[in-house]
Protein chains: 2
Amino acid sequence: MASKREGLLLAAKKLLWERGYEGTSPRDIQDECGAGQGSFYHHFETKLDLAATALGEVSADMRDDASDLLNSELPGLERVALFLGRGRDGLKGCRMGRFAAEASIAEPKIRAPVKRYFDHLESLLTAALDEAKQSGTLQASVEPRALAALLIAVVQGGFVLSRIHRDKAAINRATATALALLRSSTTSRR
Amino acid sequence: MASKREGLLLAAKKLLWERGYEGTSPRDIQDECGAGQGSFYHHFETKLDLAATALGEVSADMRDDASDLLNSELPGLERVALFLGRGRDGLKGCRMGRFAAEASIAEPKIRAPVKRYFDHLESLLTAALDEAKQSGTLQASVEPRALAALLIAVVQGGFVLSRIHRDKAAINRATATALALLRSSTTSRR
DNA sequence: GTCTATAACGTGATAGAC
DNA sequence: GTCTATCACGTTATAGAC
């Protein structure tokens, strides 16, 4: 029933990830999934409308993934280690962060799902770091919220490094170094 | 004499910073500096050619700035502190790093000046961190080169945070936190 | 719901006058 | 060197048939 609609959404998610909003035309999306102009504009009012729907779904999926990873029973710092240590392909870019440099980020419909993801991630990391601080694993001088933002920046900047150096692992070295630094500023060292 | 040529270059530098390569048309550049099509294609073969020239100059300027900042007489860690602590307007984006997410980064003429800047910056930071390690200010467990890449990632990711949260100071909080973390993992604490 | 045809506009570049 | 006119093509969308 909603076959073409789902196809268009799937194609949009793929191309928005690979090329961003400005780099993806309605025509590209149609060709990707074998739909015509009619299907596109029957199911979605504009390109922006389709992109907003697609990004809303991607944002929700990514928030769920982050929750699964950061809400475990493990100690706070180990949950953060899991987040930093999960392998990433730096050449693909972040499906949310890639829009930061685009003009399209000025569009509320684009920015909303993106910001919602980052706010959610920051909350999860802050909670984990706060727990680490309470338990004495982390130094008292660091503020969990500021530290959470820093770690998110490392991941986003890691994507930049990977793309520039054409080295998909550069981002993983950056996150590993961040974790090492975090652990080295830890109170309990046995 | 080379008045229009210089005007075109200046306009290109400005617009490439604000809108990126794909977001800037030859027409935009002409209008920005009051030149016609003729001037554009007399002085530059293509849009890519003009962009490469403009980015080459911006890259050189930025490398010089970085050298001035990081080659002082100060102790290694203090030079790094100067780099991290220099205020940035996170909403403007990095004139080199902003191309990382664009398809244009695949063009050798675009990528070359960008990569050259990041390589230079990494060398300068590595040297400063190496000195800090030699003098015992920094822990022996951290590798200067990996740490340098991490700090560059923090700055680039800081731009992403600022743009997404519409908070030009978000990047400065990220770099300040990175410096605090670096200092807290330091050996000599008086 | 899905298709093809078409339109209005912008892009990147060329031609040729001055 | 600089200008205006023009071009082939792509983009975002609308119209109307099936």
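Computed over heavy atoms, backbone and side chain alike; hydrogens, waters and symmetry mates excluded. Just so it is clear: chains get the letters A, B, ... in the order the sequence lines come, proteins before strands, and each one is counted from 1.
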Item to check | Under 4.0 angstrom between His42(B) side-chain N/O and dT2(D) OP1 or OP2 | outcome: no
Next on the checklist: At a heavy-atom distance below 4.0 Å, what parts of residues 99-111 of chain A sit against DNA chain C?
Outcome noted: none
Checklist outcome for this item: Rounded to whole Å, the CG-P distance (Asp28(A) to dA13(D)) equals 14 Å
Checklist entry - Gly34(B) near the nucleic acid: base, sugar-phosphate alone, or nothing, with a heavy-atom cut-off under 4.0 Å? => result sugar-phosphate
Item to check | Main-chain N/O of Ser104(A) paired to Glu22(A) side chain as donor or acceptor, under 3.5 Å | outcome: yes
Checklist entry - Less than 4.0 Å between a side-chain N and a carboxylate O, is that true for Arg19(B) and Asp28(B)? => result yes
Item to check | Worked verdict on Leu147(B) versus Leu182(B) for side-chain contact (heavy atoms from CB on, under 4.5 Å) | outcome: CA-CA 9 Å; Leu147(B) 214 42; Leu182(B) 200 59; 3.8 Å; yes
Next on the checklist: Side-chain N or O of His43(B) versus OP1/OP2 of dT2(D): is the shortest distance under 4.0 Å?
Outcome noted: yes
Checklist outcome for this item: Given protein heavy atoms under 4.0 Å, the one-letter contact record of nucleotides 12-18 of chain C, with B base, S sugar-phosphate only and - none, is simply SBB----
Item to check | Residues Arg63(B) and Ser67(B): side-chain donor-acceptor under 3.5 angstrom | outcome: no
Checklist entry - Going by an N to O cut-off under 4.0 Å, is there a salt bridge joining Glu78(B) and Arg183(B)? => result yes
Checklist entry - Got a sec: does the CD of Glu32(A) have more than 12 other heavy atoms crowding it under 6.0 Å? => result yes
Item to check | Steps toward side-chain contact (heavy atoms from CB on, under 4.5 Å) verdict (Leu15(B), Glu18(B)) | outcome: CA-CA 5 Å; Leu15(B) 296 180; Glu18(B) 289 174 7; 3.9 Å; yes
Next on the checklist: What is the separation between atom CG on Leu50(A) and atom P on dT11(D), rounded to the nearest whole Å?
Outcome noted: 15 Å
Item to check | Spacing of Phe44(B) atom CZ relative to dG1(D) atom P, expressed in whole Å | outcome: 12 Å
Checklist entry - Is the distance from OP1 or OP2 of dC3(D) to the nearest side-chain N or O of Ser39(B) less than 4.0 Å? => result yes
Next on the checklist: Checking Thr24(B) now: which residues fulfil side chain to side chain donor-acceptor pair (under 3.5 Å) with it, not counting sequence neighbours?
Outcome noted: none
